[in-house]
Every structure is written in C-alpha cells, then in structure tokens.
Amino acid sequence: MKDRTRLILCVLLFPVAHFTDISAQARGNDRTPQSFIYFGRERSRISEENFLATGSAVGAQLKYTWRELEPERDRYDVRLILDDLTFLEQHGKRLFVQIQDLSFDEDIVNVPDYLRED
C-alpha cells in the first residue's frame, strides 16, 4: 500500500511541481502557451533530430498505460517514464505524461489483469 501511495503522489504531484518550476524558468514567468509534440505511444520518436532541434517545441507528450506502470497488483514500474524524462531533460526538453486506462478498442487492454479478473 505504501508503494501505491508513493506512485499516486509521484504521478499526481511530481509533473505539476516539475512542470511549474521549469516552465517558470523557461518562460521568464511569462504566461505564453508552450508547445508539446504529441507522440502518443511512439516513444522512440523523441530521439528524432527534427524534434530535438525544434526550439519552438518545449517537450513531448507521451502516453503510458496503467498496465505498463502497474504490471501486477501493488508492483509498480515507472522506469519508462523516468527513462524518457531523463532523455528529454538531457536535450533541454520536457515531458507531458498521459496515463491511459481506457480504450475504445476491445483488443487493447490498458489496465492490469487483476482489475479485469477480480
């Protein structure tokens, strides 16, 4: 239960705090809208030179599934997010996290098995 609480806090609070601090620095406290490129689940595209060289795009919006982040009940794995965040920060870019728990395609399961089986 302790890990679940930690994950929830990380997912809910870290992006807000992290985004706010970096955003204020990057904008000089300006309220100008920022541009993030939506790559969805195509995370490998964040390494494309065109994206990295584009100064008008401050970061990438990537999609992660609940199933990826909690492969088994109470066992969390946020390495994908941390790896992408580290890569983007090394290139002066930010990460917008989208967690997917729903799909309109019956063949796509975005939630851990225990939610469907219990």
Side-chain angles (χ1 to χ4, degrees):
M1 189 58 125
K2 191 179 207 178
D3 287 335
R4 175 174 283 187
T5 302
R6 189 175 299 137
L7 175 67
I8 290 169
L9 288 174
C10 180
V11 169
L12 294 177
L13 299 178
F14 177 75
V16 172
H18 192 69
F19 177 80
T20 302
D21 290 344
I22 292 176
S23 181
Q25 293 171 2
R27 293 190 319 242
N29 292 324
D30 186 357
R31 297 278 183 200
T32 306
Q34 302 292 295
S35 297
F36 286 77
I37 305 298
Y38 176 77
F39 290 114
R41 301 212 10 113
E42 297 179 80
R43 291 191 293 273
S44 64
R45 294 193 59 205
I46 63 174
S47 62
E48 291 179 2
E49 191 57 40
N50 287 340
F51 165 66
L52 296 174
T54 302
S56 60
V58 299
Q61 179 179 347
L62 300 176
K63 189 187 305 185
Y64 306 88
T65 67
W66 183 352
R67 182 183 193 90
E68 290 172 319
L69 302 177
E70 187 183 14
E72 297 173 12
R73 181 189 299 265
D74 297 329
R75 187 174 72 79
Y76 303 97
D77 185 356
V78 294
R79 283 179 291 179
L80 288 174
I81 294 174
L82 295 176
D83 290 347
D84 292 338
L85 178 62
T86 299
F87 177 83
L88 289 167
E89 285 181 334
Q90 289 171 347
H91 291 87
K93 301 285 186 186
R94 292 184 279 157
L95 176 61
F96 183 114
V97 173
Q98 176 181 336
I99 299 177
Q100 197 73 25
D101 65 346
L102 176 66
S103 173
F104 296 104
D105 184 335
E106 291 179 4
D107 297 329
I108 298 174
V109 178
N110 291 322
V111 296
D113 288 335
Y114 76 87
L115 288 176
R116 298 175 54 216
E117 296 167 355
D118 287 353

Are any non-hydrogen side-chain atoms of L69 and Y76 less than 4.5 angstrom apart?
-> no

Are any of the side-chain heavy atoms of R41 and E68 separated by less than 4.5 Å?
->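 A side-chain contact under 4.5 Å exists here.
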
What closest approach, in Å, do [X] and [Y] show between heavy atoms, and which atom pair accounts for it?
X   : Y   : answer
R43 : K63 : NH1-O, 3.3 Å
L88 : R94 : CD1-O, 3.6 Å
A60 : I46 : CB-CG2, 3.8 Å
S56 : S35 : O-CB, 3.4 Å

Tell me whether [X] contacts the main-chain N or O of [Y] through its side chain, where contact means a donor paired with an acceptor under 3.5 Å.
X   : Y   : result
E70 : D74 : yes
K93 : A57 : yes
Q34 : T32 : yes

Do L80 and L62 sit in the same hydrophobic cluster, where Ile, Leu, Val, Met, Phe, Trp and Tyr count as joined when their side-chain heavy atoms come under 4.5 Å apart?
->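 Looking at the clustering, L62 is in the same group as L80.
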
Is it true that I108 and Y64 fall in one hydrophobic cluster, defined by side-chain heavy atoms closer than 4.5 Å?
-> no

In Å, rounded to the nearest 0.5 Å, how long is the span from [atom1] of [X] to [atom2] of [Y]?
X   : Y    : atom1 : atom2 : answer
E49 : T54  : CD    : OG1   : 9.0 Å
R67 : D113 : CZ    : CG    : 4.0 Å
E72 : D77  : CD    : CG    : 10.5 Å

Side-chain donor-acceptor contacts of residues 95-104 below 3.5 Å, not counting sequence neighbours, with atom names and distances?
| unit_1 | atom_1 | unit_2 | atom_2 | d |
| --- | --- | --- | --- | --- |
| Q98 | OE1 | Q61 | NE2 | 2.8 |
| Q98 | NE2 | Q100 | OE1 | 2.9 |
| Q100 | NE2 | L102 | O | 2.8 |
| S103 | OG | D105 | N | 3.1 |
| S103 | OG | D105 | O | 3.4 |

